[in-house]
A.B. asks: 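Structure in structure tokens, see below.
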2 protein chains.
Amino acid sequence: MVTIKEVAERAGVSPSTVSRVISDSPRISDETKQKVRRAMEELGYHPNAIARSLVNRATNTIGIVMPRSAEDVFLNPFFPEALRGIAKCTHDEGFCVLLTTGNSDDEQIESLLSVVRGGRVDGVILMYSKLDDPILEMLTEMNIPFSMIGRPTISEDINFVDNDNVNAAYEAANYLISMGHRRIGLINGSLNLVVSIDRYEGYKRALAKNKIELDESIIMSSEFVQEGGYESMKKMLSVENPPSAVLVTDDLIAFGAIRAARDMKVKIPDEMSIISFNNIPLADFATPPLTSVDINAYSLGYKAAKLVIDDIKGKKHKPSCYIVETRIVFRDSVISKNNIS
Amino acid sequence: MVTIKEVAERAGVSPSTVSRVISDSPRISDETKQKVRRAMEELGYHPNAIARSLVNRATNTIGIVMPRSAEDVFLNPFFPEALRGIAKCTHDEGFCVLLTTGNSDDEQIESLLSVVRGGRVDGVILMYSKLDDPILEMLTEMNIPFSMIGRPTISEDINFVDNDNVNAAYEAANYLISMGHRRIGLINGSLNLVVSIDRYEGYKRALAKNKIELDESIIMSSEFVQEGGYESMKKMLSVENPPSAVLVTDDLIAFGAIRAARDMKVKIPDEMSIISFNNIPLADFATPPLTSVDINAYSLGYKAAKLVIDDIKGKKHKPSCYIVETRIVFRDSVISKNNIS
DNA sequence: TGTTAAAATACAAACGTTTGCAAAAGATCT
DNA sequence: AGATCTTTTGCAAACGTTTGTATTTTAACA
């Protein structure tokens, strides 16, 4: 490995001069800069990031915490998509991305802990928001810059990015109602995720606003996977008075739900309308193409990264939050009930 | 930040002793170890990974290179799934994962370059194999431990993990043939990816073995995305004598192909059988459920990580390779032609 | 040709570790 | 009690940078 000293020697200057050339300090004459740069060139010198980090006390790296093990995560396109946004922003800002992993909650925590205590990252992005999350607690305690994707429930000063999920769900449900549906089911994700809570709230508000009574028998919650959607839809359809439409809080779940409907010979959208969330790339290729709420996961990621990085750079002194827009992408899984009857 | 010195002072020993306690050196008496450990506990000490890296010349981190920008990548579940395997292995081995990104080929290269030259990673995993890849060249030149997912074409000594793609495609095509199909199309991925080349080869061999002549008009190649599959299938169906079955080299492409078939009112599998590759989670939820070759992306990732790490640790002195098994997952997108006629 | 100010560069300490070698302490033997 | 060996600990250099301060060089002026 070629070091700053060797460059210095070759250029006939001192190491400090080389260092200042690297940072393009005005204290060094142009003549010397040329000389040093040539030496660097000839030797194939590249600054050692580790040494630099040590003295600067900055690694230019941010750590990413995904839910649980990375296991379940990657099955859902939401995370990759958000990660894409994160990667874009970090790269733009000259930062690296370090993945934190673990095969259990404990391992996950231990992994994060070692990474931040070890000083390997300058900040952290928490890619989800759930109730009573020990990681969130840790992060605030450790006093390291971080931001999260999803609204925090503890109302401390925390950087976060989120959709307005209650409103988004409100509008989705409202859309169903505007299409003439009065009996509307809900297939939700796990209720300890605040995104699920919020969408549930929006659903409730839409029904209330339209004087539709809540019926617990057509409100389910499942894990964020297809199987959950499959089971939920089966239950939904075996209720004495099944809904004519259902709001599903995740496309993957919706895929499962569609499959269940097909298996039970109920036609979508003719006998059952479906609107769901996330607008994954495959939504367009479902049968029928899925009407879905686009949450702009990419922006969610990008902004989350921007928030931590600004925090790290000390640009913002107050915690900030950012709400990214959602929009319904209309496809063919919802039908107007008025037209039929 | 609490350092080794403060711990030393508190415990009444020298910094070097503390260091040796950390590494549990036998040279330190148990008594002293107790004392030092207590001091560490009380002060909440944690070793600084950066400083450690500097002297050890090891970061315990491996860099991941994905195709191009991370952009396209994450849309395809293959990469997340492989990443999952990588994450598992690295974690098991006490390594971290650093993502290398960039929004263009050049940026990608520059990003990788700065990361390895900067000494931020001990090794690298290249998640794909394509023809004339400048990155591959760089990696070998720089003389850093690395492994790749996918067979390298330049026959240098390179660690890699791969499926036996020619055989896998051979068997897939053979399966179609065994089901009575004689006219079989191919919808392939981009031909500068060696995985595509290999699967093409397997397809050709199967046809040759069964004395079926190759017909270029029903051989397409598209990008690894749904749209490509959509277009390819449209073309395939508008040929004067369309095939009764098609081998698709990626599930995502297959989704697009299915959609195209549906749009053109050709029934799957009745009028067109489809077998594809990768067996993504959603394959089961396609209409009809997709018969697909499972390539075990998780293992591919896990093994690739194992290979670099072994290399880094100097366990293996020779480059090694590892072939992971594939298996056809039979679902409902292929029908026997014999039964019909 | 000194004197002084400005510009350019060098010195050395610091960042938090690890580790070879030296030193001190304790044990064993005669 | 001294010599010798072993065990335990400490010293100091090193890893490759950055940066405050000191020093040298150059230029400008009288």
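Just so it is clear: chains get the letters A, B, ... in the order the sequence lines come, proteins before strands, and each one is counted from 1. Every value quoted in this text rests on a predicted model; they were computed, and no experiment measured them.
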A.B. asks: What is the nucleic acid contact for Thr3(B), judged by heavy atoms within less than 4.0 Å: base, sugar-phosphate only, or nothing?
C.D. replies: sugar-phosphate

A.B. asks: Rounded to the nearest Å, what distance is computed from the CZ atom of residue Arg52(A) to the P atom of nucleotide dT18(D)?
C.D. replies: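 Atom-to-atom, Arg52(A) to dT18(D), this comes out as 5 Å.
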
A.B. asks: So what does Ser29(A) touch, heavy atoms closer than 4.0 Å: a base, only the sugar-phosphate, or nothing?
C.D. replies: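 Ser29(A): backbone/sugar contact only, no base atoms under 4.0 Å.
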
A.B. asks: Using whole Å, what does the distance between atom C1' of nucleotide dT17(D) and atom CD of Glu9(A) come to?
C.D. replies: 17 Å

A.B. asks: Do Ser19(B) and Ser16(B) get their side chains close enough for a donor-acceptor pair, meaning under 3.5 Å?
C.D. replies: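 The criterion, which ignores hydrogens and geometry beyond distance, is not satisfied for Ser16(B) and Ser19(B).
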
A.B. asks: Students often get this wrong, so: under 4.0 angstrom with heavy atoms, is Gly12(A) touching a base, only sugar-phosphate, or nothing?
C.D. replies: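 Touches sugar-phosphate only.
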
A.B. asks: Atom CD of Glu31(A) to atom P of dT26(D): distance rounded to whole Å?
C.D. replies: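 These atoms are roughly 10 Å apart.
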
A.B. asks: Go through the N and O atoms of the side chain of Arg27(A) and the base of dT21(D), and report whether any donor-acceptor pair is under 3.5 Å.
C.D. replies: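 It does, because a donor-acceptor pair links the side chain of Arg27(A) to the base of dT21(D) below 3.5 Å.
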
A.B. asks: I need the CG-C1' distance between Asp30(B) and dT7(D), as an integer number of Å.
C.D. replies: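 Answer to the nearest Å: 13 Å.
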
A.B. asks: Would you confirm whether Asn159(A), through its side chain, and Phe146(A), through its main-chain N or O, come within 3.5 Å as a donor-acceptor pair?
C.D. replies: yes

A.B. asks: If I take atom CD1 in residue Ile4(B) and atom C1' in nucleotide dT17(C), what distance separates them, rounded to the nearest angstrom?
C.D. replies: 6 Å

A.B. asks: Just checking, any donor-acceptor pair under 3.5 angstrom between side chains of Asp106(A) and Ser104(A)?
C.D. replies: no

A.B. asks: Once you build an axis from the first five pairs and another from the last five of the helix from dT1(C)-dA30(D) to dT30(C)-dA1(D), how far apart in angle are they, to 10 degrees?
C.D. replies: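 Helix axis angle between the two ends: 60°.
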
A.B. asks: Assess whether one donor atom and one acceptor atom, taken from the side chain of Arg20(B) and the base of dT9(D), lie less than 3.5 Å apart.
C.D. replies: no

A.B. asks: From the set dC11(D), dG16(C), dT17(D), return the single nucleotide nearest to any side-chain atom of Val55(A).
C.D. replies: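 Side chain of Val55(A) sits closest to dT17(D).
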
A.B. asks: Round to the nearest Å and state the distance from Asn56(A) atom CG to dT19(D) atom P.
C.D. replies: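 Distance, rounded to whole Å: 6 Å.
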
A.B. asks: Answer yes or no: side-chain N or O of Arg117(A) and base N or O of dG16(C) forming a donor-acceptor pair under 3.5 Å.
C.D. replies: no

A.B. asks: Looking at dC15(C), dT21(D), dG16(D), which one has an atom nearest to any side-chain atom of Arg57(A)?
C.D. replies: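 Closest of the options to the side chain of Arg57(A): dC15(C).
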
A.B. asks: For atom CG of Asp24(B), is the number of surrounding heavy atoms from other residues, nucleotides or ligands below 6.0 Å larger than 12?
C.D. replies: yes

A.B. asks: Out of dT19(C), dC11(C), dT9(D), which nucleotide sits closest to the side chain of Ser19(B)?
C.D. replies: dT19(C)

A.B. asks: Tell me: CG of Asn48(B) to C1' of dC15(C), nearest whole Å?
C.D. replies: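 That distance rounds to 9 Å.
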
A.B. asks: Nearest to the side chain of Ser14(B), heavy atoms from C-beta on, is which of dT17(D), dG20(D), dC11(D)?
C.D. replies: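 Output: dC11(D).
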
A.B. asks: In this structure, how many angstroms lie between the P atom of dA14(D) and the CG atom of Leu54(A), rounded?
C.D. replies: 17 Å

A.B. asks: Treating Asn56(B) as the side-chain partner and Ala58(B) as the backbone partner, does any N or O pair qualify as donor plus acceptor under 3.5 Å?
C.D. replies: no

A.B. asks: Please identify each residue that fulfils side-chain hydrogen bond (donor to acceptor under 3.5 Å, both in side chains) with Lys303(A), with sequence neighbours left out.
C.D. replies: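 Scan of Lys303(A) (side-chain hydrogen bond (donor to acceptor under 3.5 Å, both in side chains), adjacent residues dropped) gives none.
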
A.B. asks: Just by distance, no angles: are the side chains of Tyr302(A) and Asp92(A) close enough, under 3.5 Å, to form a donor-acceptor pair?
C.D. replies: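 Yes.
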
A.B. asks: Between dT19(D), dT17(C), dG10(D), which one does the side chain of Thr17(B) approach most closely?
C.D. replies: dG10(D)

A.B. asks: Just by distance, do the side chain of Thr59(B) and the backbone of Arg120(B) share a donor-acceptor pair under 3.5 Å?
C.D. replies: yes

